[in-house]
Structures are given as structure tokens and as C-alpha cells.
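Okay, structure first, notes after.
Because only heavy atoms are used, hydrogens play no part in the values below, and waters and symmetry mates are left out as well, while side chains stay in. Owing to the predicted nature of the structure, the values given are computational and were not obtained by experimental measurement.
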Amino acid sequence: MNYFRLAVAGVVLTAGFAAAAQATTLETVKQRGKLLCGVTTGLAGFGAPNDQGQWSGLDIDLCKGVAAAVFGDATKVEYKPLNAEQRFTALQSGEVDMLARNSTWTLHRDTGLGLDFVTVNFYDGQGFMVKKELGVKSALELKGATVCVQEGTSTEKNLGDFDKSNNLGIKPVKFKENDQARGTYDEGRCDAYTTDASGLAAERTALKNPDDNVILPEIISKETVGPVVRDSDVQWTHLVRWVSFATIAAEELGITSENVDETAKTTASPEAKRFLGIGDNLGQKIGLDANWAYNVVKNVGNYGEIFDRNLGAKSALKLSRGYNALWKDGGLLISPPFR
């Protein structure tokens, strides 16, 4: 009997040592020397490679921001293109360390997949695009229409809800890849194409004749889009969340990639000093150096800079900030205090 108890105790102790020895995501990323970031297969403004294979976009800059926070170097990222069907499985299996690929936060995804949506870094809503020659002015005129849509997405479900609510008899034409859906629409084999409104603006730039297409006025959903991590590592969840908040807080504080060095030297603001790691080390709470937020801003900029170059005035899309403006400017973006 005593032997049995000792054996059981030994098994429990061994299991405890094994659990303690299991590396955290942050430790794994540091040991590997780079971040593995799951991204879209290609969506202008959010994540897409250029002709030289260099990735850019709002989501790409979040990946870069996490790398900058961890390594002080935004280039230490390997981008893993994933379609809608692959994305969550790849994260669950450990193929990637995080997702930053315009994924909508829903109750099922947040509670049923072993994953955490850590914050919202873009507010959007689903819309429709049609050829101008159809003369359609409203999505409510799409009765019996064929609509190209990417399957396995909240977009597909929203289309079904919109169809049932308005008794339109819409015929969805489903594709695994977004570029397949867009290409089929461009060839005229669907009456309409649906995805998030920002995505429609991006996808329109890739059509053969962009000006021949119009985005209809209706927004049929709310899309709270943000990064995703596994829910088994609280430290990593906090790290990715606060990197995203850092870009927002920097804009609130008026700190940019261009003035961050001067601000660090001259600021008298206690809040700005804490943010930049001067006299305080908030980074230790999430396993980072004191200057982690400085590294994020220096390498990728504040949220306003990131938005402008990828989606806004300095981009091909020329989107307005809208809901993605700071709270003090009438938008929804706000960062909790850095203290």
C-alpha cells in the first residue's frame, strides 16, 4: 500500500515537472528568434505581399509591433498565409503564435475553439458590391441574385441572415479563397460580391475596371476584428493585447515614430514617461523590457500612422477613420491607462 502511494506520488510529481518545463509562447518565440504570424492570403490594406514578397498592411503592422516589443526588431517575423478554413486550426496546433488576419470576434469563436480574441484593432461592417450597369441602388434589390462569398466565414453566415430576414432568395456562390470569389464576380458570374466594407474597397482596386463597380450603402453586420491567440497562455494574451493598445495610446499621447526619440528626451508628462519606460518598468508585467512600447512606436508608429499608410489618406484605399478614430475624435478606439 505504501509502495502504491509512493508510485502515485511519483507520477503526480513527474507530471508537475513536465508541466513546469513546458515553454511559454514568449519563451518559444525568443528561442526560435522570430514570431510566426498567421495572416490573410492577400487583402490590400490589411495584409498582402508586393512583387518582391514584402508584406504590408494594418494586420502586418500588428505582427511587426509584437516582434518589435519582443526583440526590438520588427523584421523578426515570418508570415504564414492562411485562408479562412485554415486559420483557427493553424493557431490551435501551434503552427503560428498568433493570428492577425481580419478575423471577426464572435461568441462561438471566443469560447468554443480554445482561443482568445484579445482586443479589437479594426471596426467594420459587411456590405455588397455590384456592377454599375445593373442599376442596383440598394442591397434590398438583390432578390434572387447570385452573390459571391468566401465560405467558412462570418460573412457567409451574415449573408444567410440578411437573406432570411428580407426574404430575398439570394443564391450564394461559395469559394474557399477570397481571390476566387472576387475573380468570379469580376468575370460577371455573380450579380454581387459581399465581404466587409473595407475589404470591398480593397478588392475593388484589384478588379479589371474598378470604376465600373459600386459599393451599396447598406451595412448588414458589425464586424469587431482583431488578433487571436491560444487561450492557454495568459502572459502571451496580455502581451499581444497591450502591443495593440500601445499603438492607440501613442496616438492619444501625440507620440509618433518621428518624434518618439525627442519625446523620450524632453517630455515632462508622467504618463508619457511611464509609457516609454522612463523610470517605470511596466514591461516586466508581460515579460518584456522597460522600453518595449518605445520599440513598438519607433518601428511601426502609432495607430494613426498605421491606418493612414495602409488604409487612409496615404494609401490607395483612401478610407476615412470612421469608427476607427480615437474616442476623443468620435470613434471607438481607446486604450486603458498605462500605469
>> Just verifying a value: how many Å separate Cys37 SG and Asp97 CG, rounded to the nearest 0.5 Å?
In response: 8.0 Å
>> Could you tell me if the side chain of Val147 sits less than 4.5 Å from the side chain of Phe128, heavy atoms only?
In response: yes
> Taking atom types as modelled and ignoring hydrogens, do the side chains of Asn310 and Ser315 form a donor-acceptor contact shorter than 3.5 angstrom?
Replying inline: no
>> Once side chain to side chain donor-acceptor pair (under 3.5 Å) is applied, do any residues pair with Ser93, and if so which ones, sequence neighbours excluded?
In response: none
> Backbone N or O of Gly144 within a donor-acceptor pair of the Lys171 side chain at under 3.5 Å?
Replying inline: yes
>> Please check if the number of heavy atoms outside Glu141 that lie under 6.0 Å from its CD is greater than 12.
In response: yes
>> More than 12 heavy atoms of other residues, nucleotides or ligands under 6.0 Å from NZ of Lys265: yes or no?
In response: no
>> Before you tell me yes or no, could you show the steps for Glu187 and Arg189 under salt bridge (charged side-chain N to carboxylate O under 4.0 Å, His left out), namely the whole-Å CA-CA distance, both residues' side-chain angles and the distance that decides it to 0.1 Å?
In response: CA-CA 6 Å; Glu187 293 168 2; Arg189 291 158 54 196; 2.6 Å; yes
> Heavy atoms, side chains only, cut-off 4.5 Å: are Val229 and Val118 in contact?
Replying inline: yes
> Given the rule in the side chain to side chain donor-acceptor pair (under 3.5 Å) test, do Thr256 and Asn302 qualify, once you have shown the distances and angles that lead to the verdict?
Replying inline: CA-CA 6 Å; Thr256 69; Asn302 67 33; 5.6 Å; no
> Which is it for Tyr303 and Leu58 under the side chain to side chain contact (heavy atoms under 4.5 Å, CB included) test, yes or no, and what are the steps along the way?
Replying inline: CA-CA 9 Å; Tyr303 188 91; Leu58 184 89; 4.2 Å; yes
>> Using modelled atom types and a 3.5 Å cut-off, is there a donor and acceptor pairing between side-chain atoms of Arg230 and backbone atoms of Gly114?
In response: no
>> Please verify the inter-ring angle class for Phe122 with Phe307; under 30° counts as parallel, over 60° as perpendicular, anything in between as tilted.
In response: parallel
>> Looking at every heavy atom in both Lys176 and Asn83, which two are closest together, and how far apart are they?
In response: O-CB, 4.1 Å
>> Would you say Leu62 ends up clustered with Val70 if hydrophobic residues are merged whenever their side chains have heavy atoms under 4.5 Å apart, either directly or through other cluster members?
In response: yes
> Same cluster for Trp105 and Leu82 if Ile/Leu/Val/Met/Phe/Trp/Tyr side chains link at under 4.5 Å?
Replying inline: yes
> Just wondering, more than 12 heavy atoms not from Tyr123 lying within 6.0 Å of its OH?
Replying inline: yes
>> Closer than 3.5 angstrom, by distance alone: can the side chain of Asn295 be matched with the main-chain N or O of Ala69 as a donor-acceptor pair?
In response: no
>> Between Leu159 and Thr155, is there a side-chain heavy-atom distance shorter than 4.5 Å?
In response: no
> Between atom NZ of Lys298 and atom CD of Glu258, what is the distance when rounded to the nearest 0.5 Å?
Replying inline: 9.0 Å
All N/O donor-acceptor pairs, side-chain side in residues 196-204, below 3.5 Å, sequence neighbours left out:
{"from": "Ser198", "atom 1": "OG", "to": "Asp124", "atom 2": "OD2", "distance (Å)": "2.3"}
{"from": "Glu203", "atom 1": "OE1", "to": "Arg182", "atom 2": "NH1", "distance (Å)": "2.7"}
{"from": "Glu203", "atom 1": "OE2", "to": "Asn178", "atom 2": "ND2", "distance (Å)": "2.4"}
{"from": "Arg204", "atom 1": "NH1", "to": "Asn213", "atom 2": "O", "distance (Å)": "3.2"}

>> Is the shortest side-chain heavy-atom distance between Val130 and Leu142 below 4.5 Å?
In response: yes
> Same hydrophobic cluster for Leu326 and Val260, using side-chain heavy-atom links shorter than 4.5 Å among ILVMFWY?
Replying inline: yes
> Which other residues end up in the same hydrophobic cluster as Leu36, if Ile, Leu, Val, Met, Phe, Trp and Tyr are linked when side-chain heavy atoms come under 4.5 Å apart?
Replying inline: none
> Just wondering, more than 12 heavy atoms not from Glu271 lying within 6.0 Å of its CD?
Replying inline: no
>> How long is the straight-line distance from OG1 of Thr267 back to CG of Leu276, given to the nearest 0.5 Å?
In response: 7.5 Å
> How would you list all residue pairs meeting disulfide (SG to SG under 2.5 Å) that involve residues 82-119, not counting sequence neighbours?
Replying inline: none
> Just by distance, do the side chain of Asp280 and the backbone of Leu282 share a donor-acceptor pair under 3.5 Å?
Replying inline: no
>> Is there a side chain to side chain contact (heavy atoms under 4.5 Å, CB included) between Ser269 and Phe275? Walk through the geometry before answering.
In response: CA-CA 10 Å; Ser269 164; Phe275 178 80; over 6 Å; no
>> Would Glu95 and Lys80 count as a salt bridge (charged side-chain N to carboxylate O under 4.0 Å, His left out) here? Give the steps.
In response: CA-CA 9 Å; Glu95 182 182 338; Lys80 297 280 191 176; 5.3 Å; no
> Quick one: do the Glu223 and Ser221 side chains pair a donor with an acceptor below 3.5 Å?
Replying inline: yes
> About how many Å separate CG of Leu207 and NZ of Lys131, when rounded to the nearest 0.5 Å?
Replying inline: 6.5 Å
> To the nearest 0.5 Å, how far apart are CG in Leu317 and CG in Leu319?
Replying inline: 5.0 Å
>> Taking side-chain contact (heavy atoms from CB on, under 4.5 Å) as the definition, give me every residue that meets it alongside Ala181, ordered by chain and number, with sequence neighbours left out.
In response: Cys148, Phe175, Tyr193
>> Within the structure provided, determine whether Asn209 and Lys132 are in side-chain contact (heavy-atom separation under 4.5 Å).
In response: no
>> Quick check for you: to the nearest 0.5 Å, what is the distance between Lys137 atom NZ and Leu134 atom CG?
In response: 10.5 Å
>> As a quick check of understanding, evaluate side chain to side chain contact (heavy atoms under 4.5 Å, CB included) for Arg87 and Thr153, giving each step before the final call.
In response: CA-CA 11 Å; Arg87 54 184 162 173; Thr153 62; 4.1 Å; yes
> If only atom types and distance count, is the side chain of Asn259 paired as donor or acceptor with the main-chain N or O of Thr263 below 3.5 Å?
Replying inline: no
>> For the residue pair Lys64 and Tyr79, would you count it as a cation-pi contact if the rule is NZ or CZ under 6.0 angstrom from the ring centre and within 45 degrees of the ring axis?
In response: no
> Is there a path of hydrophobic side-chain contacts, each under 4.5 Å between heavy atoms of I, L, V, M, F, W or Y residues, that connects Ile220 with Val173?
Replying inline: no
> Does Asp59 use its side chain to pair, donor to acceptor, with the backbone of Gly47 at less than 3.5 Å?
Replying inline: no
> How far apart are the C-alpha atoms of Asn281 and Trp292, what are their side-chain angles, what is the distance that settles it, and do they pass the side chain to side chain contact (heavy atoms under 4.5 Å, CB included) test?
Replying inline: CA-CA 9 Å; Asn281 185 3; Trp292 68 275; 5.6 Å; no
> Would you say Lys164 has more than 12 foreign heavy atoms packed within less than 6.0 Å of its NZ?
Replying inline: no
>> Just so I know, are the side chains of Asp110 and Asp116 near enough to count as touching, which here means a heavy-atom distance under 4.5 Å?
In response: yes
> Going by distance alone, is a donor N or O of one side chain under 3.5 Å from an acceptor N or O of the other, for Ser244 and Asn121?
Replying inline: no
List, one per line, each side-chain donor-acceptor pair under 3.5 Å for residues 327-339, sequence neighbours excluded.
{"from": "Trp327", "atom 1": "NE1", "to": "Glu252", "atom 2": "OE2", "distance (Å)": "2.8"}
{"from": "Lys328", "atom 1": "NZ", "to": "Glu252", "atom 2": "O", "distance (Å)": "3.2"}

> Taking it one step at a time, do Thr195 and Gln150 satisfy side chain to side chain donor-acceptor pair (under 3.5 Å)?
Replying inline: CA-CA 8 Å; Thr195 189; Gln150 188 178 14; over 6 Å; no
